[in-house]
*Asks:* 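Right, I'll just put the structure down here and ask away after.
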Amino acid sequence: MDKVEKVIDVINNSNGRFCSVVFIKKNGKPRHMLFRKGVRKNLKNKGLKYNPESVGNVIVFEVNNGYRTINCNTVTELKANHKTYNWSK
């Protein structure tokens with residue numbers, strides 16, 4: 001199981017509990033995010049026009065900013081289910 005599959009698996013199996021992640025944004029700066037998976041707030045029942053997991057992304061609900069996309073290829077640290085996963089260089 002590579003890093004992308006592991007990140008997606010851990011986030012999907014968090015059962016709606018709060019998790020945190022550190023990843024590198026497109027501009028090269030690190031970003032810390034506190035989020036939950038499985039939130040149904042403000043959905044319009046339209047869905048997405050693509051499958052995010054097929055390109056290595058996960059859609060989550062960030063606590064203060066709403067829905068966000070995490071690029072699993074750039075994740076350096078993930079805390080979920082009372083465990084810490086580290087992929088730093």
Side-chain angles (χ1 to χ4, degrees):
M1 181 179 290
D2 68 337
K3 178 175 96 168
V4 173
E5 291 172 347
K6 181 72 172 174
V7 170
I8 291 171
D9 184 53
V10 169
I11 291 173
N12 286 339
N13 291 323
S14 65
N15 297 323
R17 291 188 215 115
F18 285 100
C19 305
S20 69
V21 69
V22 177
F23 61 95
I24 307 300
K25 298 192 301 184
K26 286 188 177 183
N27 65 7
K29 295 182 181 179
R31 168 100 155 83
H32 179 268
M33 184 185 299
L34 181 65
F35 67 90
R36 287 178 62 190
K37 176 83 173 162
V39 176
R40 301 281 185 230
K41 180 180 177 182
N42 297 329
L43 293 178
K44 305 284 191 244
N45 290 330
K46 291 183 181 178
L48 296 173
K49 296 183 190 281
Y50 75 105
N51 181 4
E53 291 183 7
S54 67
V55 292
N57 293 336
V58 177
I59 309 297
V60 297
F61 188 82
E62 187 178 10
V63 174
N64 295 322
N65 296 320
Y67 291 97
R68 294 286 180 252
T69 300
I70 298 173
N71 182 350
C72 298
N73 292 309
T74 62
V75 171
T76 58
E77 182 181 58
L78 174 64
K79 294 181 183 177
N81 302 327
H82 305 289
K83 294 181 183 174
T84 301
Y85 304 89
N86 225 329
W87 291 280
S88 58
K89 296 174 176 129

*Asks:* Working to the nearest 0.5 angstrom, can you tell me the gap between Glu77 CD and Trp87 CH2?
*Replies:*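 It comes to 9.5 Å.
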*Asks:* Do you know which two heavy atoms are closest between Val39 and Tyr67, and how far apart they sit?
*Replies:*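 What the structure gives for the nearest pair is O-OH, 3.1 Å.
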*Asks:* In a table with atom names and distances, give each donor-acceptor pair under 3.5 Å that connects a side chain of residues 14-24 to protein atoms at least two apart or in another chain.
*Replies:*
unit_1 : atom_1 : unit_2 : atom_2 : d
Ser14  : OG     : Ile11  : O      : 2.8
Arg17  : NH1    : Asn81  : OD1    : 2.7

*Asks:* Asn71: what forms a side-chain hydrogen bond (donor to acceptor under 3.5 Å, both in side chains) with it, not counting sequence neighbours?
*Replies:*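 So Asn71 forms a side-chain hydrogen bond (donor to acceptor under 3.5 Å, both in side chains) with Asn73.
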*Asks:* What donor-acceptor contacts under 3.5 angstrom involve side-chain atoms of residues 51-61, with partners at least two apart or in another chain?
*Replies:*
unit_1 : atom_1 : unit_2 : atom_2 : d
Asn51  : OD1    : Glu53  : N      : 3.3
Glu53  : OE2    : Asn12  : ND2    : 3.0
Ser54  : OG     : Asn51  : O      : 2.7

*Asks:* Any chance you could measure Thr74, atom OG1, to Lys26, atom NZ, to the nearest 0.5 Å?
*Replies:*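 Reported to 0.5 Å precision, the distance equals 10.0 Å.
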*Asks:* Going by ring pair (Phe, Tyr, Trp, His ring centres under 6.0 Å), name the pairs with one or both residues in residues 34-54, residues two or more places apart or in two chains.
*Replies:*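 The answer is none; no pair qualifies.
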*Asks:* Could you tell me the separation between the CG atom of Leu78 and the OG1 atom of Thr84, rounded to the nearest 0.5 Å?
*Replies:*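 Separation between the atoms: 8.5 Å.
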*Asks:* In chain order, what residues pass the salt bridge (Lys or Arg N to Asp or Glu O under 4.0 Å) check against Glu62, with sequence neighbours excluded?
*Replies:*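 Testing Glu62 for salt bridge (Lys or Arg N to Asp or Glu O under 4.0 Å), a comparison that skips the adjacent residues, returns Arg31, Arg68.
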*Asks:* State whether the number of non-hydrogen atoms from other residues, nucleotides or ligands found under 6.0 Å of Lys3 atom NZ is greater than 12.
*Replies:*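 Enclosed.
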